[in-house]
2 protein chains.
Amino acid sequence: MEGTTLAPIAQCPDCKRLNEVLSRVGDRWSVLIVASLSQYGVLRFNELKRNLGISQRMLSLTLRELERDGLVSRTYHPTIPPKVEYALTPLGESFREPVKALAMWGLENLETIDAARATYDAAAEKLPKSA
Amino acid sequence: MEGTTLAPIAQCPDCKRLNEVLSRVGDRWSVLIVASLSQYGVLRFNELKRNLGISQRMLSLTLRELERDGLVSRTYHPTIPPKVEYALTPLGESFREPVKALAMWGLENLETIDAARATYDAAAEKLPKSA
DNA sequence: AAAGGGTGGTATATTTTTGATACCGACGAT
DNA sequence: ATCGTCGGTATCAAAAATATACCACCCTTT
């Protein structure tokens, strides 16, 4: 049943745009990788892996996406232990600002959020639907 | 084999913190809901649903999380068609800024990203691993 | 009065995403 | 000669997102 009264999704263009943006670079690993490269400048595959605690698969996938989207550059050195270096492109550098804004907000408000959670959970404790 | 040289995850405290932040409010729907409430002020459940094109389940879940984290307030009006209104709390309001920064960056760079993608994909076309 | 619609959800099933694991070739160290 | 490192890929299981159906409630329409 697709023909219901449902509106044609995303009335506000801004939401639609934002949705697109977030679909591209809005996942945790992308942001984390950019933040990491932002801090250390140039990192190799396994350095990122160790630094972030990400699985090889997700790192590989996410790096390729970031490279595809032009935020990260990949430099392959055909030395004998092969060496691949990742760094931010200018576009990636420009992404540092919003990420920083997000991080700042988070750092400032993590405790507030934790407190709100505790309050909410405590209140929920008193209303068990059963038992 | 856990005892390898693997570092104990998240060497840089900033990444760890950022990770926490993103675990809380870093998913697409949370950001989108905040953005939507930010634009319209107060919205009801089904208004949000229609506006965002989100499934009921995800909307319900995400709203509850946002409420739990203190970013969104939920007001239940026991009228006869039950009416539930959602709005941003002061904390939620403060989250508008980083979201706005993100949205701005996205709007400014979506085309650049698309172009980078096109270039990348075109280059990849020429190196088919098989066939 | 019976049928259908809108309200804010929940329960269940299906699909998509993520993550863990094993493996690869090439080489250096033990 | 076996092990480990490098940067991945292939495979499979677990988790999350989504779609769908359904609920009680009442109102409107027929």
Side-chain angles (χ1 to χ4, degrees), chain A residues 1-7 9-10 19 22-33 42-68 72-87 124 127-130, chain B residues 1-7 9-10 19 22-33 42-68 72-87 124 127-130:
Chain A
M1 288 86 161
E2 315 79 11
T4 54
T5 352
L6 279 182
I9 286 182
N19 204 337
L22 294 172
S23 299
R24 283 168 168 76
V25 290
D27 65 289
R28 192 160 79 261
W29 293 130
S30 293
V31 174
L32 246 19
I33 287 173
V42 178
L43 289 174
R44 303 174 57 178
F45 187 89
N46 278 334
E47 286 175 333
L48 275 167
K49 179 163 170 281
R50 282 188 287 264
N51 205 337
L52 269 55
I54 185 180
S55 69
Q56 283 171 331
R57 181 184 138 86
M58 283 313 294
L59 181 54
S60 181
L61 253 40
T62 309
L63 280 173
R64 189 170 4 274
E65 274 302 300
L66 288 172
E67 189 196 356
R68 186 160 96 108
V72 160
S73 68
R74 180 193 136 114
T75 312
Y76 174 70
H77 301 275
T79 57
I80 263 322
K83 184 176 175 179
V84 183
E85 290 181 325
Y86 294 92
L127 309 172
K129 59 185 65 174
S130 60
Chain B
M1 286 55 176
E2 315 77 15
T4 54
T5 352
L6 279 182
I9 287 181
N19 204 338
L22 294 172
S23 300
R24 282 167 169 77
V25 290
D27 65 291
R28 191 160 81 261
W29 293 130
S30 293
V31 174
L32 245 19
I33 287 173
V42 177
L43 289 174
R44 301 175 59 179
F45 187 88
N46 277 334
E47 286 176 335
L48 275 167
K49 178 164 170 283
R50 282 188 286 265
N51 205 338
L52 270 57
I54 184 179
S55 69
Q56 283 170 331
R57 182 183 140 86
M58 283 313 294
L59 181 55
S60 181
L61 254 40
T62 309
L63 279 173
R64 189 167 9 270
E65 275 302 299
L66 287 172
E67 189 196 355
R68 186 160 97 107
V72 160
S73 69
R74 179 194 137 113
T75 313
Y76 173 69
H77 301 277
T79 57
I80 264 322
K83 184 175 174 181
V84 182
E85 290 182 327
Y86 294 92
L127 310 172
K129 58 185 65 173
S130 61

Separation of [N] [atom2] from [X] [atom1] (nearest whole Å):
| X | N | atom1 | atom2 | answer |
| --- | --- | --- | --- | --- |
| A/His77 | C/dA26 | NE2 | C1' | 18 Å |
| B/Leu59 | D/dA19 | CG | C1' | 15 Å |
| A/Phe45 | D/dT9 | CZ | P | 8 Å |
| B/Glu65 | D/dA16 | CD | P | 11 Å |
| B/Lys49 | C/dT10 | NZ | P | 14 Å |
| A/Tyr76 | C/dG25 | OH | C1' | 11 Å |
| B/Leu48 | C/dG9 | CG | P | 11 Å |
| B/Leu63 | C/dG8 | CG | C1' | 11 Å |

Contact state string [nucleotides 14-21 of chain C, B base, S sugar-phosphate only, - no protein heavy atom under 4.0 Å]: ----BBB-
Nucleotide-resolved protein contact map, nucleotides 25-30 of chain D, B/S/- at heavy-atom distance under 4.0 Å: -S----
N or O in side chain of A/Arg64 less than 4.0 angstrom from D/dG7 OP1/OP2: no
Counterpart residues, side-chain hydrogen bond (donor to acceptor under 3.5 Å, both in side chains), relative to A/Arg24 (two or more places apart): B/Asp114
Using the side-chain hydrogen bond (donor to acceptor under 3.5 Å, both in side chains) criterion, which residues pair with A/Ser30? Sequence neighbours excluded. A/Asp27
Under the rule for side chain to side chain contact (heavy atoms under 4.5 Å, CB included), what residues qualify as partners of A/Arg28, not counting sequence neighbours? A/Leu32, B/Asn19, B/Leu22, B/Ser23
Contacts of A/Arg57 meeting side chain to side chain contact (heavy atoms under 4.5 Å, CB included) (sequence neighbours excluded), chain-then-number -> A/Ser55, A/Leu61
Are the charged groups of A/Arg68 and A/Glu65 less than 4.0 angstrom apart, N to O? yes
Out of curiosity, A/Leu63 CG to A/Met58 CE, how far, rounded to the nearest 0.5 Å? 10.5 Å
In Å, rounded to the nearest 0.5 Å, how long is the span from CD of A/Gln56 to NZ of A/Lys49? 4.5 Å
Indicate yes or no: at least one non-hydrogen side-chain atom of B/Val42 is less than 4.5 angstrom from one of B/Tyr86. no
Between B/Glu85 and B/Lys83, what is the shortest heavy-atom contact and its length? OE2-CE, 3.5 Å
Using the side-chain heavy atoms of A/Arg50, tell me which of these nucleotides is nearest: D/dG7, D/dC6, C/dG8. D/dC6
